[in-house]
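See structure below.
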Protein chains: 2
Amino acid sequence: MKTFPVLPLVPPQRVSLVVQTIQSLRAALAAGYWRETMPGERELCQTLEVSRPTLRAALIELQRAGELTSAARSRRCIVAKAASIHPSGRTVALISPMPLRRLAPNMVLMIDALRDHLGRSGWTTHMHVSRSCFTRHPDRALQELTARSPAATWLLITSVRPMQEWFLRHSLRCLVAGTCSEGIGLPSVDAAHHATGRHAGALLLRKGHRRITLVRSDENTGGDNESVRGFSAAIASEPSATLQVMSYRSRDHLVTLLDQTLRSDAPFTAYFVLRSLDVLTVITHLLRRNRHIPRDAAVVSRDGENFLDHVSPVVTRYAIDTERFGREISRLVRTVAETRTLNPRTIRLMPKFIAGETV
Amino acid sequence: MKTFPVLPLVPPQRVSLVVQTIQSLRAALAAGYWRETMPGERELCQTLEVSRPTLRAALIELQRAGELTSAARSRRCIVAKAASIHPSGRTVALISPMPLRRLAPNMVLMIDALRDHLGRSGWTTHMHVSRSCFTRHPDRALQELTARSPAATWLLITSVRPMQEWFLRHSLRCLVAGTCSEGIGLPSVDAAHHATGRHAGALLLRKGHRRITLVRSDENTGGDNESVRGFSAAIASEPSATLQVMSYRSRDHLVTLLDQTLRSDAPFTAYFVLRSLDVLTVITHLLRRNRHIPRDAAVVSRDGENFLDHVSPVVTRYAIDTERFGREISRLVRTVAETRTLNPRTIRLMPKFIAGETV
DNA sequence: TCATCTGGTCATGAAATCTAACCAAAAGAA
DNA sequence: TTCTTTTGGTTAGATTTCATGACCAGATGA
């Protein structure tokens, strides 16, 4: 019997990046990481941290090996059916309509806290960015996404009604970070928007304001409707008070609407703004039009981002504890993953009121 | 026994040839392939099939690790006991002076990208928040912290000179996210602050501004000095231009300084603000004092946070790619962990200029 | 004395890789 | 329908890594 001596001095192997990429892809394919079809090239580049030419070289090699089929202008298909023993065990998939950098800073903090907690418990999180899952007819996109990347639990961020309905209908394990639409019994963690709205309304009335504007986006996310209801209820308690709801499509549209309101004869003296980023727009625009804050116009922000501290004057707002938000979601994720039935529990966190100088 | 979960899609590891060579040499050394002394460099090159610069980099690294001794003009000697205290724990420890929610949003995004990338390569990150490590005499705090929580690599965020010196002195594996102080050779990833400053200066001069203010914090972090130097150099090229550097202690102090400047007879017509949060303060205060932007005063922000898009007018600024920033750091972390400060390399990323409406 | 070996250093060029575009077709949303 | 987004396909230029080959000065030994 011949024994092979272990070579004591082995020269470095010089595996090119393309080959390494092929190996990574093969391993994932063998593990059944994707079903049917591959993700787009650009997305793969991101996750593999590799440039597109490199990735394409690897993909083409796999095609030549017959493990993938190329289809012009549509996604590549997986040929060999892999032993689909994909351990979807401890994986949470986040679905967001935009990449992190487009989300509000507080949302990023929340996600970070969430990942941290889940990571400590041995979970991995995976973020999916897909615009088409948030449209009015998200069925196809959701079908494909959930089929392609199995996860123990799905976490919906800034989700809209059709999406939530889809998840409920397919009874996939999921939970909502933010507001769950009315009548849809998905477990969720949310800020207490109704209570916040009521508090803000009462505050402005107490300060003597009677002509009040609520500023909201025309997309219905983030519990805007609830805020509006809470705020309206508070304002309605004072018969002499008028409430105008300003619903804008874009930043520029908001500016236009503000100018219209400013031109009106009986001016509005208070603004309750739902999105903190738009508070910036409102405040800077009011200042630009020579309105004094808070003398000519009071401003209250429903969301409490950090940067509002640096506005002069400091913005009065309601701040949520992102750390806690993330922790609660992390807990709920684990509960949902363990229990078979969806427990439609809703956790509401009350934001902290931060008295600023804009009221 | 602890088992690590197998990650389904691991990005290629990009082991550089130098690192591969180090591994080959280590293996041979451990196997006792040579006695007392090493072969000559040229011979080793042949057997390892590697060029001399590459081999030498590997040898020097082994010297630094104390496994070989360098002898000028005679062969290298092998240190008897290969200590092999390679802290292969895949843990990165971040040190920050403040919790995430107090950091600039872009920094949070960067950290998130970093965690994501490292996580997929099987690393865990741990965040430490300690003010006392960022003081002028951080020795005790750092001693305690590093002793308490071992990590393969330390990542310093918004770090200051004494801290960096301490790490260099104790030759712990670390790298700097942000600016590495002058003369301290730690590997770092940073924005190209000097170039940005020069660009901004040239821009303002081209627009006809001659009395220009640079707004900076009195803490020296985030490459503020570099920005000042680059900006000054650009302004100095125009003899008729005046540059005032406004260094503030706090938000309120900044407001006071702004008011002083506004009262001066020959007004300053342009502001270059280093921190994006303070851009908010500057802009809102200028608006409050009825200055029109950009007619009375132009504002340029060195940092490019997203929320500046929502200011009216949209702020002209320089934005770094946080995703890329995090990726570069992630890569550097892995390099540093494998070799001890192999290459005290500084990576400079050029931010993208975003033309706004404030110039 | 002289050829040869040693580690140290440098300039140059080739290859691998990344970045950032642009294109046209297909798919999907409104 | 019309418009936007996404898809794979392609290219040019910059950057980084590594190899090649040369030179130097001291050490070594014939």
Side-chain angles (χ1 to χ4, degrees), chain A residues 11-21 37-46 48-60 62-63 68-77 97-99 128-145 160 162-163 218-219 249, chain B residues 11-12 14-21 37-46 48-60 62-63 68-77 192 320-321 323-325 327-328 331-332 335 339 342-343 345-352:
Chain A
Q13 294 305 300
R14 291 172 190 278
V15 220
S16 87
L17 192 52
V18 176
V19 172
Q20 292 183 54
T21 308
T37 157
M38 300 283 288
E41 294 184 2
R42 289 163 180 82
E43 189 191 329
L44 269 178
C45 287
Q46 280 232 329
L48 287 177
E49 297 170 37
V50 144
S51 74
R52 256 184 94 203
T54 307
L55 174 74
R56 280 178 58 77
L59 287 174
I60 287 168
L62 287 176
Q63 274 167 217
L68 296 178
T69 58
S70 88
R73 259 161 238 104
S74 74
R75 297 189 160 183
R76 288 184 170 76
C77 293
M98 3 180 195
H128 296 277
V129 177
S130 162
R131 249 197 122 59
S132 48
C133 290
F134 291 78
T135 56
R136 227 163 285 166
H137 303 288
D139 300 47
R140 251 189 55 80
L142 281 172
Q143 185 70 49
E144 196 180 325
L145 180 62
V160 288
M163 187 174 182
D218 67 348
E219 313 164 27
R249 290 189 303 272
Chain B
R14 294 171 189 277
V15 209
S16 85
L17 193 51
V18 177
V19 172
Q20 292 183 52
T21 309
T37 157
M38 298 284 288
E41 293 183 1
R42 288 164 180 81
E43 188 193 330
L44 268 179
C45 287
Q46 286 232 328
L48 286 177
E49 300 166 32
V50 147
S51 75
R52 259 185 91 203
T54 307
L55 174 72
R56 282 177 57 74
L59 289 173
I60 286 168
L62 288 177
Q63 275 166 218
L68 296 177
T69 59
S70 87
R73 263 161 236 103
S74 74
R75 295 189 161 183
R76 288 185 169 77
C77 292
I320 63 162
D321 181 342
E323 179 75 24
R324 175 135 182 249
F325 207 108
R327 197 170 58 228
E328 294 290 354
R331 249 180 233 177
L332 207 48
T335 307
T339 72
L342 173 61
N343 213 352
R345 187 163 59 133
T346 292
I347 298 175
R348 292 200 177 284
L349 301 177
M350 189 64 199
K352 203 172 111 197

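Worth knowing before you read on, the calculation uses all heavy atoms, side chains too, and leaves out hydrogens, waters and symmetry mates. Per chain, numbering begins at 1; letters A, B, ... match sequence-line order.
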Taking the nucleotide of DNA chain D with the closest heavy atom to each, which residue, B:Leu17 or A:Arg131, is nearer the 5' end? A:Arg131
Partners of A:Gln143 by side chain to side chain donor-acceptor pair (under 3.5 Å), sequence neighbours excluded? none
Thinking salt bridges, do B:Arg75 and B:Glu41 make one under a 4.0 Å N-O criterion? no
Please identify each residue that fulfils side chain to side chain donor-acceptor pair (under 3.5 Å) with B:Gln20, with sequence neighbours left out. none
Can any side-chain N or O of B:Thr54 pair as donor or acceptor with the backbone N or O of B:Val50 at less than 3.5 Å? no
I need the A:Ser70 OG to A:Met38 CE distance, nearest 0.5 Å. 12.5 Å
Could you identify which residues of residues 136-143 of chain A place a heavy atom less than 4.0 Å from some atom of DNA chain C, listed by residue number, or say none? A:His137, A:Arg140
Between the main-chain N or O of A:Arg131 and the side-chain N or O of A:Thr135, is there a donor-acceptor pair closer than 3.5 Å? no
Going by the rule side chain to side chain donor-acceptor pair (under 3.5 Å), which residues pair with A:Arg140 if we only count those two or more places apart in sequence or in a different chain? none
Integer-rounded Å distance: D:dT15 P and B:Arg331 CZ: 16 Å
Write down the distance between CG (B:Leu349) and C1' (C:dA20), rounded to a whole number of angstrom. 15 Å
To the nearest Å, how far apart are B:Leu44 CG and C:dG8 P? 13 Å
Are any of B:Thr54's side-chain N or O atoms less than 4.0 Å away from OP1 or OP2 of D:dT17? no
Have a look at B:Arg76 and tell me which of B:Leu59, B:Thr69, B:Leu62, B:Leu44 forms a side chain to side chain contact (heavy atoms under 4.5 Å, CB included) with it. B:Leu59
How many whole angstroms separate atom CD of A:Glu43 from atom C1' of D:dT5? 15 Å
Round to a whole Å and report the spacing from CE of B:Met350 to C1' of C:dA20. 16 Å
Rounded to whole angstroms, how far apart are CG on B:Asp321 and P on C:dT19? 9 Å
A:Glu49 CD to C:dA16 P: how many Å, rounded? 22 Å
Within this structure, what is the CZ-to-C1' distance between B:Arg348 and D:dT16, rounded to whole angstrom? 17 Å
Nucleotides 8-11 of chain D: which of its N/O atoms have a protein N/O under 3.5 Å away?
residue	atom	partner	partner atom	Å
D:dG8	OP2	A:Glu41	N	3.1
D:dG8	N7	A:Arg42	NH1	3.1
D:dG8	O6	A:Arg42	NH2	3.0
D:dG9	OP2	A:Arg56	NH1	2.9
D:dG9	OP2	A:Arg76	NH2	2.9
D:dG9	N7	A:Arg52	NH2	2.7
D:dG9	O6	A:Arg52	NH1	3.1

Using the test side chain to side chain donor-acceptor pair (under 3.5 Å), find all partners of A:Asp139 that sit at least two apart in sequence or belong to another chain. A:Arg169
Ignoring backbone atoms, establish whether B:Arg327 has a side-chain N or O less than 4.0 Å from OP1 or OP2 of C:dT19. yes
